[in-house]
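Chain A is the first sequence line, chain B the second, and so forth, proteins listed ahead of strands; every chain is numbered from 1. Only a predicted model underlies this, so the values are computations on that prediction, with no experimental measurement involved.
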Amino acid sequence: MSNSFIQDAKTLPILGVGLGLRRELADETLANQNKIDWLEIVPENYMNLGGAIRERLDAAREKFPLVTHGVSLSIGSTDELSCEYVGGMKRFLDLIDAPWWSDHLCFSSVNGSYMHDLLPLPHSKEAVEHLAKRIKQAQTIVGRPFLLENISYYMNVPETAMSEWQFLSEVVERADCGILLDVNNIYVNSVNHGFDPYLFIDNIPLERVIQIHVAGHQMRDDVIIDTHGSAVIEPVFALLEYVLKRSSVKAVMLERDQNYPDFEELLSELARIRAIAESAQPALNMVA
Amino acid sequence: MTLSEVEANLQTLWTSKRSLKEFLDGNLKLFKNGQEPDPKSIALYADLISIGQVNLMESIYPACQRLISDFEALVYKYMEECPPTHFNLNQSAKGFSLYLKKKCPELVKKIPFLPELADYEWLELEVMEADVDWPLHEAIILNDPALFTAYRPVLNPTMQLRNYKYPISDIVDQLIESEPESGENSVEQKIVSNTKKKAVTLAIFREPKTHEVKFLQLGEISRFAIEQIQAKQPISPTYQELLALTIPAFSKLKADYVVLELLDILPKLEEHKLILGSVR
């Protein structure tokens with residue numbers, strides 16, 4: 001890695017349109033190499049684990065390029081960065097030879113205990129400084145480009161002093177890392193917190209967006225929750241198109257983690273994403 | 001307020017049911033005036049975290065869940081008293097058996113085999129996911145005395161041995177074969193009322209090709225032999241050494257009988273893949 005993420009990003013491979021590798025969908029996923037360009041895996045579900053899990057990983061490695069999307073880096077935590085986790089991540093990324101790795105703009109542990117959820121941080125100067133320092137540290141240890149994903153959040157955290165897009169922009173600029181832009185999360189937050197999602201996109205450094213997540217969500221009382229448990233809705237596809245027309249991303253991925261439909265339905269969603277990608281960024285259309 | 005304080009206060013509200021209630025009742029102030037987070041949002045996050053914990057515990061401990069009347073409440077207590085300290089979500093569930101044993105005397109008095117049942121269910125996951133290197137081995141038939149001194153059994157590296165006081169496999173089988181019920185005549189209640197102590201030794205291990213987790217009940221001689229092999233890892237005793245260790249341990253039995261028993265058992269253990277084969 002050089003000293004500039006933007007410089008490094010130019011050499012990252014274009015992966016195309018991908019899907020998350022989930023145990024419940026593994027057989028169908030692995031059998032559809034002609035419709036899926038690459039797979040994203042949750043590293044915590046594979047690191048240091050054997051048996052059928054390792055067999056699934058090996059089968060995926062044989063057929064697809066892989067990248068990881070972690071849930072436990074806890075990059076915003078004020079605890080020490082977990083050497084066990086980051087060291088394990090480095091070894092795992094070396095094993096699968098992922099071109100980049102990603103995790104969330106959140107904390108999931110504090111005072112030595114994990115809450116195992118993506119928890120929101122205050123959008124504050126102190127948090128920006130803290131995150132930038134830790135991302136640099138993690139990126140240096142791992143030695144591969146790191147992408148930070150914008151999360152869905154359901155509360156305004158005390159000490160917040162800037163908008164979400166300002167916060168994300170400052171963190172990635174100061175840390176010199178990439179963005180994994182989740183367009184569903186932008187939509188969810190725009191509804192829950194009442195802002196214009198296009199304003200969000202217009203105000204982040206799109207040249208740092210390497211990967212995009214597309215997903216569905218569900219209503220719970222009067223709040224939209226990012227469940228990855230339903231079909232992608234039109235306004236989210238529209239945000240995807242808007243971002244793709246203004247950026248040069250390397251990969252787009254459909255997230256589905258529960259309430260699994262018939263696999264054909266997921267393939268249809270992937271085809272829709274591919275069609276949008278083809279018109280906005282033809283280079284992304286790997287299968288064609 | 002510093003980032004560290006914000007995180008710690010949110011953690012308190014999200015993971016302590018008592019603190020959450022006090023906060024929602026307006027009796028706990030952790031943030032500066034005007035900075036108090038929306039109670040509904042705090043409750044939502046607390047709920048999301050709890051749902052994740054309950055889902056995890058239900059997936060790992062389905063049999064325990066059937067027998068514990070308020071499983072959810074117990075999970076909340078367990079997670080509060082033994083908060084997860086590992087990045088791997090499943091590891092959060094690891095200490096449940098010990099927690100039952102040490103912190104739930106009333107429940108264990110009512111269902112005395114519960115800690116062993118939880119241990120059994122945890123081991124199923126642990127063995128299933130164990131990251132092991134499968135050792136090299138060959139298939140030989142012990143039909144020549146020279147082979148006894150030259151070869152050693154290769155133990156399945158995923159194996160865990162347990163001496164339970166209760167017939168845990170039978171309990172699990174009864175639960176698997178029945179639909180969840182409630183009430184006095186339910187399967188669950190009958191299991192709780194009727195299960196008597198019966199010491200069993202189980203070898204829990206993973207089949208190398210299918211990845212199936214097996215629970216094999218061992219008799220006294222096979223248990224002793226497996227314990228001897230396990231104790232000498234990473235290098236097993238030769239078959240001759242194994243016989244030499246086993247015969248005196250069963251001094252009340254005729255030596256010939258012990259030898260024949262062991263020679264009968266070893267191929268069976270190999271068939272089950274508890275012993276993978278032999279190595280020089």
Side-chain angles (χ1 to χ4, degrees), chain A residues 42-56 70-74 76-79 82 84-86 88-89 107-122 124-131 153-160 192 220-223 225 227 258, chain B residues 1-12 14-15 30-32 34-53 55-56 79-80 82-92 127-134 157-158 206-213:
Chain A
V42 177
E44 291 83 355
N45 294 345
Y46 294 90
M47 283 159 72
N48 306 320
L49 299 176
I53 296 171
R54 181 56 191 259
E55 195 172 79
R56 187 163 65 244
V71 292
S72 295
L73 176 60
S74 196
S77 172
T78 46
D79 284 356
S82 163
E84 185 192 357
Y85 181 83
V86 183
M89 180 65 74
F107 76 110
S108 55
S109 61
V110 69
N111 293 329
S113 66
Y114 282 83
M115 289 166 277
H116 289 296
D117 210 326
L118 308 174
L119 304 166
L121 292 157
S124 67
K125 283 279 172 201
E126 186 193 359
V128 169
E129 296 295 330
H130 179 69
L131 283 154
Y153 61 100
Y154 314 111
M155 65 180 286
N156 290 311
V157 179
E159 301 297 336
T160 285
N192 287 338
R220 177 177 151 150
D221 301 326
D222 54 349
V223 180
I225 307 283
T227 55
Q258 52 175 302
Chain B
M1 187 172 275
T2 65
L3 178 61
S4 169
E5 287 166 336
V6 171
E7 289 182 348
N9 288 343
L10 290 174
Q11 181 193 39
T12 301
W14 288 334
T15 60
L30 292 174
F31 298 90
K32 280 188 258 173
Q35 290 261 16
E36 288 293 334
D38 169 30
K40 220 167 123 184
S41 309
I42 290 290
L44 173 62
Y45 272 106
D47 205 23
L48 292 174
I49 291 168
S50 294
I51 289 169
Q53 292 173 338
N55 286 347
L56 172 79
M79 289 292 178
E80 268 196 58
C82 310
T85 56
H86 198 270
F87 63 80
N88 180 298
L89 175 66
N90 285 345
Q91 291 295 317
S92 316
V127 168
M128 185 169 67
E129 295 188 339
D131 189 15
V132 294
D133 291 325
W134 295 102
T158 65
R206 191 170 80 222
E207 212 280 341
K209 286 205 170 69
T210 65
H211 308 303
E212 181 195 356
V213 176

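When every heavy atom of L56(B) is checked against every heavy atom of M79(B), the shortest pair comes out as CD2-CE, 4.3 Å. Closest approach of W14(B) and P120(A) over heavy atoms only: CH2-CD, 4.0 Å.
In this structure, no portion of L131(A) lies under 4.5 Å from any heavy atom of chain B. With a 4.5 angstrom heavy-atom cutoff, A130(B) touches chain A only via backbone atoms. For I225(A), the part lying near chain B is the side chain, with the backbone staying farther off; criterion is any non-hydrogen pair under 4.5 Å. There is no contact between S108(A) and chain B, counting heavy-atom distances below 4.5 Å. For F87(B), the parts sitting under 4.5 Å from any heavy atom of chain A are the backbone and the side chain alike. The contact between D222(A) and chain B is made entirely by side chain atoms (from C-beta outward), counting heavy-atom distances below 4.5 Å. Interface residue I53(A): only side-chain heavy atoms are found under 4.5 Å from chain B. Contacts between V6(B) and chain A at a heavy-atom distance below 4.5 Å involve the side chain alone, from C-beta outward. Residue L30(B) does not touch chain A at all, counting heavy-atom pairs closer than 4.5 Å. When heavy atoms are compared at a cutoff of 4.5 Å, V223(A) approaches chain B solely by way of its side chain, counted from C-beta outward.
Separating the CE atom in M128(B) from the CZ atom in R206(B) is a distance of 9.0 Å, to the nearest 0.5 Å. To the nearest 0.5 Å, the span separating CG on N88(B) from OH on Y46(A) amounts to 12.5 Å. The distance from atom NZ of K32(B) to atom CD of E5(B), rounded to the nearest 0.5 Å, is 9.0 Å. Separation of atoms CD (Q35(B)) and OG1 (T160(A)) is listed at 8.0 Å; rounding is to 0.5 Å. Separation of atoms OG1 (T158(B)) and CG (D131(B)) is listed at 12.0 Å; rounding is to 0.5 Å.
Interface remark: of the candidates S124(A), S109(A), G70(A), G112(A), G112(A) forms the most heavy-atom pairs closer than 4.5 Å to chain B. Note: D47(B) leads D47(B), T15(B), N9(B) in heavy-atom pairs under 4.5 Å with chain A. Note on G51(A), S74(A), S72(A), G88(A): by heavy-atom pairs under 4.5 Å with chain B, the leading option is G51(A). Interface check for chain A: of the options K40(B), E36(B), E207(B), the most heavy-atom pairs under 4.5 Å are formed by K40(B). Interface summary for chain B: among H130(A), E55(A), H116(A), E126(A), the most heavy-atom pairs under 4.5 angstrom belong to H116(A). For the options T2(B), L48(B), D38(B), L89(B), heavy-atom pairs under 4.5 Å to chain A are most numerous at L89(B). Between chain B and the residues L119(A), V157(A), N111(A), the most heavy-atom pairs under 4.5 angstrom are made by L119(A). Your options are M1(B), H86(B), E7(B), and the one with the most heavy-atom pairs under 4.5 Å with chain A is E7(B).
In this structure, the side chains of E159(A) and F31(B) stay at 4.5 Å or more apart for every pair of heavy atoms. Under the 4.5 Å side-chain criterion, counting only non-hydrogen atoms from C-beta, P43(A) is in contact with M89(A). Contact annotation: the side chain of M115(A) approaches that of V110(A) to within less than 4.5 Å [non-hydrogen atoms, C-beta and beyond].
The distance between the ring centers of Y45(B) and Y154(A) falls below 6.0 angstrom.
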